[in-house]
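Let me begin by presenting the structure, written as structure tokens, before commenting on it.
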Amino acid sequence: MDKKKTRKWRYYYIGYWDLLGRGPDTNHWYYTYENGEWLKDVMHFINDHLIGYSPDRIGDPDVMREICEISEEEAMAIMARQDKEGRRNGR
């Protein structure tokens, strides 16, 4: 009998937007936590920050410094705070 593998998400945080993200899923999508739910990051905020995308280039260290990987416990605390504040998102 095979055990199903449970997804171990990686969590990310962009402080100046107070934006929480997670991913990628099996289709390489990232998600942002907004209004109490995880939504597909169709604007690519998380991925763009991870690769350092700016209008001038890819790999911009200033953009890459704006995002950090955080633990699941830190992500849960941010979600609880945002839910308590009734925030939709930080943007």
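We use all heavy atoms of the structure for the numbers below, so side chains are in, but hydrogens, waters and symmetry mates are not. The structure presented is a predicted model; accordingly, all values stated were derived computationally and were not measured.
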Open item on the list: So which atom in Met64 and which in Leu50 form the shortest heavy-atom distance, rounded to 0.1 Å?
Closed with: CG-O, 4.0 Å

Task: Approximate separation, where rounding is to 0.5 Å, of Met43 CE and Thr32 OG1 - done: 10.5 Å

- [ ] Kindly give the heavy-atom pair with the smallest separation between Ile78 and Ile70, and that separation in Å.
- [x] CD1-CD1, 3.8 Å

TODO: Let me know which of Leu39, Asp25, Leu20 forms a side chain to side chain contact (heavy atoms under 4.5 Å, CB included) with Tyr31.
DONE: Asp25

TODO: State plainly whether one hydrophobic cluster holds both Tyr53 and Ile14, where clusters connect Ile, Leu, Val, Met, Phe, Trp and Tyr through side-chain heavy atoms under 4.5 angstrom apart.
DONE: no

Task: Euclidean distance, Ile46 CD1 relative to Leu19 CG, rounded to 0.5 Å - done: 5.0 Å

Task: Atom pair CD (Glu34) and CD (Gln82), whose distance is rounded to the nearest 0.5 Å - done: 9.0 Å

Open item on the list: Within the 4.5 Å heavy-atom criterion, are Asn47 and Asp41 side-chain neighbours or not?
Closed with: no

TODO: Please work out which of the three classes, parallel, tilted or perpendicular, describes the rings of Tyr12 and Tyr30, given edges at 30° and 60°.
DONE: perpendicular

Task: Partner of Phe45 under ring-ring contact (aromatic ring centres under 6.0 Å, His included), chosen from Tyr13, Trp17, Tyr16 - done: Trp17

Open item on the list: Would you call the rings of Tyr11 and Trp38 parallel, tilted or perpendicular, taking 30° and 60° as the class edges?
Closed with: tilted

Open item on the list: For the CG atom of Asp83 and the CG atom of Asn35, what is their distance to the nearest 0.5 Å?
Closed with: 8.5 Å

Task: Backbone of Trp29 reached by a side-chain donor or acceptor of Asn27 within 3.5 Å - done: no

TODO: Calculate, to the nearest 0.5 Å, the distance between atoms CG and NE2 belonging to Asp60 and His49 respectively.
DONE: 9.5 Å

